[in-house]
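Before any comments, here is the structure.
Here the structure is a predicted model, which means the values were calculated and not measured. Every chain is numbered from 1, with letters handed out A, B, ... down the list of sequences.
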Amino acid sequence: MRPTAQRRLTVEGLCVDYEVANPVRAVRDVSFTLAAGEIFGLAGESGCGKTTLAYAINRLHRPPARITGGSVTFHDVDGGTIDLLGLHDRELRAFRWSKLSMVFQGAMNSLNPVLSIRTQLDDVLRTHRPQLGRAERRRLSAEVLERVGVDPSRLRAYPHELSGGMRQRVMIAMALLLEPQMMIMDEPTTALDVVVQRDILREIMRLRDELNFAVIFITHDLPLLLEISDRIAIMREGEIVELAPTVELRTAPRHEYTRKLLASFPSLTGDRGGFIRADAVAGEATL
Amino acid sequence: MTYFLRKIGFYLVAFWAAVTLNFLIPRLMPGNPVDTLLAKLQQRGGSAGPEVRRAFELLLGANTAEPLWRQYISYLGNLAKGDLGISVSVYPARVSDVIAQALPWTIVLVGLATIMSFVLGVGFGALVGWKPGSWLDVFVPATTLLAAVPYFWLALLFVLLFASFLGWLPVQGGYDVTLNPSWNGDFIQSAIRYGTLPALTIVVSSIGGWLLGMRNMMVSTLSEDYVLTAHAKGLRKARILTQYAARNAVLPSVAGFAISLGFVVSGSIVTEQVFSYPGIGSKLLMAVENSDYALMQGVFLVITLAVLGANLIVDLLYGLIDPRTRSGG
Amino acid sequence: MTNITTVTQQVPASPVPTGRRKAGWRLMLPSATPQLMTGLVLVTAVTAFGVVAPYFVQDPNAINSIGMTPPGGGHILGTTQTGQDVFAQLAYATRGSLQIGLIVGVLATVLSAFFGILGAYLGGLADEAFSLFSNVMLVIPGLPLVIVISGFVPRESRGLWTIALVLAITGWAASARVLRAQTLSIRNRDYVAAARISGERVWRVIGVEILPNLLPVLASQFVFAVISAILSEAGLSFLGLGASNSSTLGTMLFYAQNGFALQLNAWWWFLPPGLIIALFGCGLALINFSIDEVINPRLRNARVHARTMRARRREA
């Protein structure tokens, strides 16, 4: 945990239901807080509700999903408190991206195929910073691309002309454009190869150190979170079953599901084949 | 670049196919069309010298020993010169003149109606797809059902309603026959008045196809990731609707323009019949009625050329609005 | 720091839908919406009318000296200018139109299936050739071509099958393109690759792996073909170029036009034939809506969502 423990986000008792023929409660009574500058990992298997939770925080959830209870409060760095669930349309639009931005799963499709990169970055600036002139916008766009390691000449390109890794970097750059106080990243590196993955993660950590934004990092890849997060929450079937600082979670997990997850990834050390065969012999995951 | 070249190449091939089809069809039919034609000509008091006969034979085929490919070359040669033969039903006018006189009427009518239909259909389709559950939903079944109605029956209904019943618009014709065709305000006004009902028929009948296609694409596009990202970026709804959703959703409609244009042209022929509109469609029908084969062929060729040309323009346009087609051929 | 309550609490399972899952092929059927029901009712009604009514009506060709009369006095829909019973004519004309619609629909679908599916499956030069052929046929305007061909055929030879053939030949191209696109997308899927690698013969792969997945699209294209055939034939007959020996709804309208039905306000003569075409076409279009939802499930979601929004708005 970082020394300046100012709170950035408070989620209290959030419930999200899918209103289909047989209604499903995808997020049940979830509560947690996010501190300024913190990297908060959210892990769980597919379908546990972590993406639904992420979308609901920013009110991006689409029907048939509906928020049926709880509250989401944003604590602005200049002292104000914003009730996210109560914001009106225009206020919500102003809030989005300038205070809270997102990087989605599979950024391959997050970029509009018919607009150039420059136009898509411009869109953000023209909507949220209308007072800026064209030259200023261009300068900011080029700057933010350089920050993530993309050559500014790529501004002219279209999404299909960029590789997967580069598109992901562009998405991250776009998310940083307004220097938000908080970012939600949903599996930002899952579809990339490990080398690119490491590079991008390093960028994220470096930028966090530089700009001090908080991150909710969502993934099913627990070992990854163990590397980068300050605290980790484990989600299962819509509920947070464990929430602890990383070291504590790793060394002394309290919930049996956490233990199961931790034991589910092979180690680089130990007997060859020991991971699978030990399981079979013991009859149960090491608990 | 290769995209554009390929498209142009394709349309050249298509035109060549149409020309060849035009050449082959009369030769595949039973009977000797040239004799029929010349007999008709004589009925009308015309006479046919050997050059006229030769021209007809090139167009329609003759029982001579001349090899087919030789006839084909000469036929192409004549086409290149713009010589489409002599019209029998409007003797002694040249086919090219008859067509030139009727063509502008059809182009204006069909052109304007198609553009209006496309713009309105795509526009409404986008709005309907954007907001499911609003009153706009009623447009979808309404216009699709209208599209299932035959053009000419709809035209008859319109005539009954607007012309006979309400007397707002004229029943037939392209313009007030007491006026002289020329570029003055009176005439143009009259032309617009007479053209309203036919245009309305075409628009009302074909708007359904555009609307439905666009609305379905909107529904698909709205669930794409980049639209979600656009919302997350806090962009204005209008901008998301136009630049992110509609601009992507309209692509298949533009790509499918060919099919629709074919229908519109077909519909316009029948519409011209109902309204006795002096366009190229009625010339075609008149030609068929009078066994004026030369005129028939000429009109077919011109219609095909126009349709192919329009499609080429639209395809090139598509290359401009979808950047993915431009790179990688 | 956090306010999570108990950690080792039993987690109650989310409600799981009970009941057996639907069998595989049943999932392909469209859902029974009011749209589909209306469509089926319309289509069945018109078809029944065309098939059954001719056995129960008067002789449509019987000429009478009473001339053009409005409905009443033994003639449900009045008479034509030659005193022929309009209702009887309507029955026979519907049958004629349905016949031709069906014949051309089947022919056109077979042609488009051949050029679209086979070409896409074989790939390479065959695909390029078939595709080029389809596109050229597509882009050459249909009705003018049909008119020209009909114009060259002497009137006596313009029988039902000639017209049907001409309509089919000029109408298959659009479907072929759609089928080709679908086949290409299915062909690249893993289960087809598996079948090919395991050595299955071409015909078997197409028949067993590809065709079942194409069924919704084929069905939709067939419906389009029938609507299009009926409309085209009606237009052709209306222009006087239709099959010379048969009576269809288009022929009826042709005679109505020539009998000055419009000018004399004889609505009972020219309204019913067009109405039948319209109702049949509407029915088929509605059925196609439902098939569309099977092909693109997002449309179904959109409809359900729209209905929920309306319901919620009404409650509010």
- In a check of side chain to side chain contact (heavy atoms under 4.5 Å, CB included) between B:L285 and each of B:N290, B:I269, B:V270, which one passes? B:I269

- Query: Of all of B:S220, B:A18, B:A287, B:A17, which one pairs up most often with chain C through heavy atoms under 4.5 Å apart?
  - Reply: B:S220

- Query: In terms of heavy-atom pairs under 4.5 Å with chain B, which of C:V148, C:L132, C:V146 leads?
  - Reply: C:V148

- Message: Ring-plane angle category for C:F133 and C:W172, please: parallel below 30°, perpendicular beyond 60°, tilted otherwise.
- Response: tilted

- For C:F115, does the CZ atom have more than 12 heavy-atom neighbours from other residues, nucleotides or ligands under 6.0 Å away? yes

- Message: Which atoms of B:F10 are under 4.5 Å from chain C, going by heavy atoms: the side chain, the backbone, both sets, or neither?
- Response: side chain

- Among C:A278, C:G142, C:P144, who wins on heavy-atom pairs under 4.5 Å with chain B? C:P144

- Query: Counting distance only, does the side-chain N/O of B:S282 pair as donor-acceptor with the main-chain N or O of B:Y277 below 3.5 Å?
  - Reply: yes

- Message: Using only atom types and a distance under 3.5 Å, with no angle test, would you say the side chain of B:T201 pairs donor to acceptor with the backbone of B:L197?
- Response: yes

- Message: I'd like to know whether C:E233 forms a side chain to side chain contact (heavy atoms under 4.5 Å, CB included) with C:L167, so could you lay out the CA-CA distance, the side-chain angles of the two residues, the decisive distance to 0.1 Å, and finally the verdict.
- Response: CA-CA 8 Å; C:E233 191 282 326; C:L167 284 176; 3.8 Å; yes

- Query: Non-hydrogen atoms of chain C under 4.5 Å away: do they reach the side chain of B:L157, the backbone, both or neither?
  - Reply: side chain

- Message: Once rounded to the nearest 0.5 Å, what's the spacing between atom CZ of C:F224 and atom OG1 of C:T109?
- Response: 12.0 Å

- Could you tell me which portion of C:A234 (side chain, backbone, both or neither) has an atom closer than 4.5 angstrom to a non-hydrogen atom of chain B? both

- Message: If I measure from the heavy atoms of chain B, does C:L236 come under 4.5 Å with its side chain, its backbone, both, or neither?
- Response: neither

- Message: Which atoms of B:L212 are under 4.5 Å from chain C, going by heavy atoms: the side chain, the backbone, both sets, or neither?
- Response: side chain

- Query: For B:N216, is it the side chain, the backbone, both, or neither that has a heavy atom closer than 4.5 Å to a heavy atom of chain C?
  - Reply: both

- Query: Is there a side chain to side chain contact (heavy atoms under 4.5 Å, CB included) between B:Q297 and B:V95 once you walk through the steps?
  - Reply: CA-CA 9 Å; B:Q297 281 191 323; B:V95 167; over 6 Å; no

- Considering only heavy atoms, which portion of B:L21 lies under 4.5 Å from any heavy atom of chain C: side chain, backbone, both, or neither? side chain

- Query: Is there a donor-acceptor pair closer than 3.5 Å between any side-chain N or O of C:S175 and the backbone N or O of C:S112?
  - Reply: no

- Per-residue tally against chain C (heavy atom, under 4.5 Å) across B:G281, B:S223, B:G129 peaks at B:S223

- Message: Quick check on the interface: out of C:L145, C:I227, C:I277, who has the most heavy-atom pairs with chain B under 4.5 Å?
- Response: C:L145

- Message: So which residue, C:N288, C:L253, C:L279, ends up with the most heavy-atom pairs under 4.5 Å with chain B?
- Response: C:L253

- Counting heavy-atom pairs under 4.5 angstrom with chain B, the leader among C:L284, C:I147, C:L286, C:L138 is C:I147

